[in-house]
Amino acid sequence: QKDVALREDRAQKELALKETKVSPEFKREQQLEASQAQADVKYNAQLQEASKQHALKEQTLDRLEQLNKKGVTGKPYEKLLEKMGLVNLTSEGRREFAADVKNLITDIRSILGGQFSNFEFQTILNAYPSADFSQGANRAIINNLKEFQDLRHKEFEFANDIKKENKGKIPEDFHSMVNDRLKE
């Protein structure tokens, strides 16, 4: 009788498990778990890519800071020369500054793509240094960008720490775990 009762109990549990697996709630939960795992893997790949570019962006920001200190920005007459097509008459530092800023902005354009209107993109560009801005404005913007780069680098370090704690694997809800550490 005990054997029969155990078999019946096991059969009922198997039936309940089968019914659970075909239920819409279970399928939705499975889909959510799969999409969360994909999002975590994608986030990890983005962090890896950003960490590769970190040193290059730091160097660019340092160069921009040095050029800004030299006083190559905020000269209205050079802007007029550029508009008249006489770029060769502008200072070399201004052209170098503009080229470095363009490299930084290219990253933004590649990330954002066609998602933003020209007005919105122009608003974003105003958060980047410009040869037309004053030295003080550029200094503040460069400092903000450096702080952002430092934060991104910390995010990468926290992500690596979390993966090490999880024996090299990306844990469930990875992105929120990294964000929690960043908040702390």
Side-chain angles (χ1 to χ4, degrees), residues 20-21 23-69 73-74 96-184:
T20 306
K21 286 186 177 181
S23 72
E25 293 85 15
F26 181 80
K27 288 180 180 178
R28 184 172 48 246
E29 192 174 306
Q30 292 293 98
Q31 288 175 338
L32 285 173
E33 288 176 9
S35 63
Q36 179 65 43
Q38 287 175 343
D40 286 341
V41 168
K42 186 177 178 181
Y43 172 69
N44 185 50
Q46 289 172 343
L47 281 178
Q48 297 294 327
E49 186 62 32
S51 74
K52 291 176 188 175
Q53 297 175 358
H54 176 74
L56 183 63
K57 288 181 181 181
E58 277 294 316
Q59 289 173 352
T60 300
L61 289 170
D62 288 341
R63 246 189 342 267
L64 286 172
E65 190 173 44
Q66 293 303 317
L67 287 170
N68 192 49
K69 285 179 182 176
T73 61
E96 188 179 338
F97 190 91
D100 283 343
V101 169
K102 190 173 184 179
N103 285 338
L104 285 174
I105 292 171
T106 302
D107 291 343
I108 296 298
R109 182 66 95 172
S110 68
I111 292 168
L112 300 178
Q115 299 175 31
F116 291 90
S117 68
N118 284 339
F119 175 76
E120 290 168 324
F121 190 70
Q122 188 60 45
T123 303
I124 292 168
L125 289 182
N126 288 337
Y128 275 81
S130 169
D132 298 331
F133 294 164
S134 69
Q135 274 184 300
N138 280 330
R139 185 179 326 108
I141 292 170
I142 291 168
N143 288 340
N144 285 341
L145 290 173
K146 281 186 168 190
E147 287 179 20
F148 176 74
Q149 282 301 315
D150 290 343
L151 185 64
R152 288 292 293 185
H153 190 65
K154 272 290 186 204
E155 183 178 12
F156 174 71
E157 288 176 3
F158 289 144
N160 279 341
D161 291 344
I162 290 170
K163 285 189 287 187
K164 283 179 188 174
E165 292 166 7
N166 201 37
K167 299 176 184 166
K169 295 181 181 177
I170 297 173
E172 190 176 316
D173 209 15
F174 179 57
H175 197 160
S176 67
M177 291 172 75
V178 173
N179 284 341
D180 289 344
R181 289 212 184 161
L182 277 173
K183 282 181 187 177
E184 290 174 15

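Just the heavy atoms: all of them, side chains too, but no hydrogens, waters or symmetry mates, feed the values below. Just so you know, these numbers come straight off a predicted model, no measurement behind them.
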Next item on the list: For the residue pair Asn144 and Phe148, establish whether any side-chain heavy-atom pair is separated by less than 4.5 Å.
Entry: no
Next item on the list: Please report the shortest heavy-atom distance between Leu182 and Leu151, naming the atom on each side.
Entry: CD2-CD1, 3.8 Å
Checklist line | With sequence neighbours excluded, residues passing salt bridge (Lys or Arg N to Asp or Glu O under 4.0 Å) with Arg139 | finding: none
Item checked: Spatial distance of atom CZ (Phe158) from atom CD1 (Ile162) [nearest 0.5 Å] -> 8.5 Å
Note to self: Working note: Lys57 + Leu145, criterion side-chain contact (heavy atoms from CB on, under 4.5 Å); need CA distance, chi angles, decisive distance, verdict.
What the structure shows: CA-CA 9 Å; Lys57 288 181 181 181; Leu145 290 173; over 6 Å; no
Note to self: As an exercise, state the distance from CG of Asp62 to NZ of Lys146, rounded to the nearest 0.5 Å.
What the structure shows: 4.0 Å
Next item on the list: Compare all side-chain heavy atoms of Asn143 with those of Glu65 and state whether any distance is below 4.5 angstrom.
Entry: yes
Item checked: From Ile142 atom CD1 to Leu61 atom CG, the distance as rounded to the nearest 0.5 Å -> 7.0 Å
Check: Do the charged groups of Glu155 and Lys183 touch, with an N to O distance under 4.0 Å?
Finding: no
Margin query: If the condition is salt bridge (Lys or Arg N to Asp or Glu O under 4.0 Å), which residues does Lys154 pass it with, not counting sequence neighbours?
Written below: Glu157
Check: What is the distance from atom CD of Glu165 to atom CE of Met177, rounded to the nearest 0.5 Å?
Finding: 7.0 Å
